[in-house]
**Q** 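Below are the structure tokens for one structure; questions will follow.
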Number of protein chains: 2
Amino acid sequence: MNPDLVLYDSRIQQYVATLDIAALEALESITETKTYPKGSLMLKAGQICRNSFELVSGIARKYHLHNGAEITNEIYFEHDLALSFGSYALQRPSEEYIEALTDVTARVIHYDSFQKAKEEHPMLRQLDLMLLEYYGIWVEDRMNQMRRYSATERYKQLLEHTPHIIKSVPLTYIASYLGISLETLSRIRSRR
Amino acid sequence: MNPDLVLYDSRIQQYVATLDIAALEALESITETKTYPKGSLMLKAGQICRNSFELVSGIARKYHLHNGAEITNEIYFEHDLALSFGSYALQRPSEEYIEALTDVTARVIHYDSFQKAKEEHPMLRQLDLMLLEYYGIWVEDRMNQMRRYSATERYKQLLEHTPHIIKSVPLTYIASYLGISLETLSRIRSRR
DNA sequence: CGACATATTGAGATCCATCAACCAATGTGG
DNA sequence: CCACATTGGTTGATGGATCTCAATATGTCG
């Protein structure tokens with residue numbers, strides 16, 4: 001994975017470790033653990049993304065429709081934070097779907113509750129900001145990947161940096177995540 | 001431009017209008033207006049991006065090197081906020097350059113000063129967060145553009161949404177901003 | 001004017017998508 | 001437990017979009 005992301009992730013962990021008990025309890029009190037069966041939609045396009053999902057177990061993906069085809073934007077595993085960024089930030093209807101690829105258990109926090117908690121516990125603002133920055137760096141990195149590298153190179157980097165994705169997710173989704181057709185991905189994999 | 005971005009921009013304006021005088025004065029006191037001659041580098045790769053530049057006049061671009069070629073990542077005009085996001089957020093060395101394409105005047109704020117100002121004026125935190133969200137939405141939008149649309153479509157959308165870019169920036173930079181070769185851009189433009 | 005940056009045009013090569021056929025594994029209803 | 005559908009993946013043939021290299025044109029500024 002991008003070393004900047006690794007670094008930043010550890011900074012977030014460190015920051016969380018410094019949160020006072022009141023803030024942690026506030027977080028806990030607004031967190032609801034829910035389960036979603038394989039194949040179900042945790043968020044549908046048209047809805048406002050009012051929840052953030054921190055995956056406890058299972059795999060999920062975020063996708064949108066383009067000319068009738070599903071384009072996978074992001075794939076989530078344990079500990080990942082799933083949400084439709086634009087929809088969440090603006091509280092406007094989402095263009096994206098979030099689908100459970102396996103049975104999923106997630107810690108769910110409602111947007112309003114989190115906003116309120118931030119008011120009462122300013123330490124959470126810093127956390128919010130850090131999560132936001134993390135996402136910004138991630139998206140930027142991903143865009144650079146898409147811009148700079150060929151299909152083959154992108155696949156190789158995925159193999160290198162996040163092999164668990166390839167092991168546990170159908171190739172169809174990986175192909176569209178990489179921005180290539182399933183057939184091309186299949187050929188890339190068969191070469192050597 | 002993306003309607004979400006327009007909406008969010010107005011929300012930021014609204015928020016700024018509610019800032020108390022102390023916060024505004026704090027901002028003012030840490031702002032330094034500087035000028036950069038055409039062709040000069042406001043940020044070099046390898047340096048840490050310690051400043052944010054709010055352009056008052058002129059045009060600038062951000063780029064990185066890939067296999068010796070300059071790839072333009074972003075183009076800035078009046079009122080735009082120029083910085084290398086990853087480098088600024090983490091205060092780590094930048095991979096990007098920021099170059100003045102014309103003589104540029106900018107309101108410059110140092111990272112440390114802004115952090116301090118945020119401590120003293122919590123209202124500025126919210127502003128920081130909003131700017132961050134704005135950038136997140138922008139990057140996401142841009143990535144979607146790159147993923148979903150062909151070179152021709154991307155050019156057309158640029159024409160439609162931000163025609164001032166095309167009018168005032170050499171095609172070389174526009175081509176690399178769009179992720180296509182100069183020759184392809186030239187052909188796209190000549191068709192019809 | 002001459003020099004250097006910027007843009008256009010042409011020809012050929014390359015990457016990748018699309019369409020279509022096929023295959024293997026898994027699941028399901030009778 | 002068999003016949004068949006479904007899902008996920010492979011393979012081949014073809015075409016289109018875009019890149020690269022190279023030559024030429026246009027513009028601009030000291």
Side-chain angles (χ1 to χ4, degrees), chain A residues 37-41 59-61 63-72 75 99-103 144-159 163-192, chain B residues 37-41 59-61 63 65-72 75 97 99-103 144-159 163-192:
Chain A
K38 173 176 178 170
S40 65
L41 293 174
I59 305 175
R61 72 177 180 124
Y63 67 91
H64 70 266
L65 296 179
H66 187 61
N67 300 333
E70 297 180 357
I71 312 286
T72 297
I75 299 175
E99 179 193 6
L101 292 181
T102 64
D103 287 352
N144 286 335
Q145 294 275 332
M146 302 298 284
R147 291 189 70 188
R148 303 184 200 185
Y149 301 108
S150 69
T152 306
E153 291 170 317
R154 293 199 303 266
Y155 175 71
K156 277 191 191 162
Q157 299 192 16
L158 194 68
L159 250 188
H164 57 289
I165 292 187
I166 291 161
K167 280 184 207 124
S168 45
V169 175
L171 291 187
T172 311
Y173 302 144
I174 293 175
S176 98
Y177 177 72
L178 289 173
I180 62 186
S181 71
L182 172 62
E183 293 92 327
T184 296
L185 178 57
S186 180
R187 282 184 250 270
I188 287 171
R189 284 160 58 86
S190 68
R191 289 204 271 281
R192 169 196 34 86
Chain B
K38 173 174 178 170
S40 65
L41 292 174
I59 306 175
R61 71 175 179 127
Y63 67 92
L65 296 179
H66 187 62
N67 300 333
E70 296 180 357
I71 312 286
T72 298
I75 299 174
Y97 300 77
E99 179 193 5
L101 292 182
T102 64
D103 287 350
N144 286 334
Q145 295 274 332
M146 301 299 285
R147 290 190 72 188
R148 302 183 201 186
Y149 301 108
S150 69
T152 307
E153 289 169 318
R154 291 194 312 260
Y155 175 71
K156 276 190 191 162
Q157 299 192 16
L158 195 69
L159 251 189
H164 56 289
I165 291 187
I166 290 161
K167 279 184 208 124
S168 44
V169 175
L171 291 186
T172 311
Y173 303 145
I174 293 174
S176 97
Y177 177 72
L178 289 173
I180 62 186
S181 70
L182 172 62
E183 294 92 327
T184 297
L185 178 58
S186 180
R187 282 184 251 270
I188 287 170
R189 284 161 57 87
S190 69
R191 289 205 271 281
R192 169 197 37 86

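We name chains A, B, ... by the order of the sequence lines, and we start the count at 1 in each one.
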**Q** Less than 4.5 Å apart, any side-chain heavy atom of B:Leu65 and any of B:Glu70?
**A** yes

**Q** A:Tyr155 has an atom OH; how far is it from atom P of C:dC16, in whole Å?
**A** 15 Å

**Q** Nearest whole angstrom, please: distance from the P of C:dC16 to the CZ of A:Arg191.
**A**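 In whole Å, C:dC16 P and A:Arg191 CZ are 8 Å from each other.
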
**Q** So, does the side chain of A:Arg187 form a donor-acceptor pair with the base of D:dG12 at under 3.5 Å?
**A** yes

**Q** With a 4.0 Å cut-off on heavy atoms, is A:Ile180 in touch with a base, just the backbone sugar-phosphate, or nothing at all?
**A** sugar-phosphate

**Q** Measuring from the side chain of A:Thr184 (C-beta onward, heavy atoms only), which nucleotide among D:dT18, D:dT11, C:dC16 has the closest atom?
**A** C:dC16

**Q** For B:Ser181, report the nucleic acid contact type (base, sugar-phosphate, nothing); a contact means any heavy atom under 4.0 Å.
**A**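 Touches a base.
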
**Q** Whole-Å distance between C:dA5 P and B:Leu171 CG?
**A** 17 Å

**Q** Nearest whole Å is fine: how far is C:dA5 C1' from B:Leu182 CG?
**A** 12 Å

**Q** Could you work out which one of D:dT18, D:dT10, C:dC16 sits closest to the side chain of A:Thr152?
**A** C:dC16

**Q** Select one nucleotide: of D:dT18, D:dT11, D:dC19, the one nearest the side-chain heavy atoms of A:Ser186.
**A**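 In terms of side-chain proximity for A:Ser186, the closest of D:dT18, D:dT11, D:dC19 is D:dT11.
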
**Q** Given the rule in the side-chain contact (heavy atoms from CB on, under 4.5 Å) test, do A:Ile180 and A:Ile188 qualify, once you have shown the distances and angles that lead to the verdict?
**A** CA-CA 11 Å; A:Ile180 62 186; A:Ile188 287 171; 4.1 Å; yes

**Q** Using the ring of each side chain (for Trp, its six-membered ring), is A:His66 parallel, tilted or perpendicular to B:Tyr149, with breaks at 30° and 60°?
**A**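 Rings of A:His66 and B:Tyr149: perpendicular, as their planes differ by over 60°.
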
**Q** Measure distances between side-chain N and O atoms of B:Glu183 and base N and O atoms of D:dC21, and say whether any donor-acceptor pair falls under 3.5 Å.
**A**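 Result: at least one qualifying N/O pair found.
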
**Q** To the nearest Å, give me how far apart CD1 (A:Ile71) and P (C:dA17) are.
**A** 11 Å

**Q** Could you give the CG-to-P distance, from B:Leu185 to C:dT6, as a whole number of Å?
**A** 14 Å

**Q** Report the distance from atom CZ of B:Arg147 to atom P of D:dA17, rounded to the nearest whole Å.
**A** 21 Å

**Q** Before giving the answer on side-chain contact (heavy atoms from CB on, under 4.5 Å), spell out for A:Arg189 and A:Ile166 the whole-Å C-alpha distance, their side-chain angles and the decisive distance to 0.1 Å.
**A** CA-CA 11 Å; A:Arg189 284 160 58 86; A:Ile166 291 161; 3.6 Å; yes

**Q** Can you name the closest pair of heavy atoms from B:Glu99 and B:Tyr63 and give their distance?
**A** OE1-CE2, 3.6 Å

**Q** Report the distance from atom CE of A:Met146 to atom P of C:dC16, rounded to the nearest whole Å.
**A**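 From A:Met146 CE to C:dC16 P: 11 Å.
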
**Q** Of all the nucleotides listed (C:dT6, D:dT11, C:dT9), which has the minimum atom distance to the side chain of B:Thr172?
**A** C:dT6

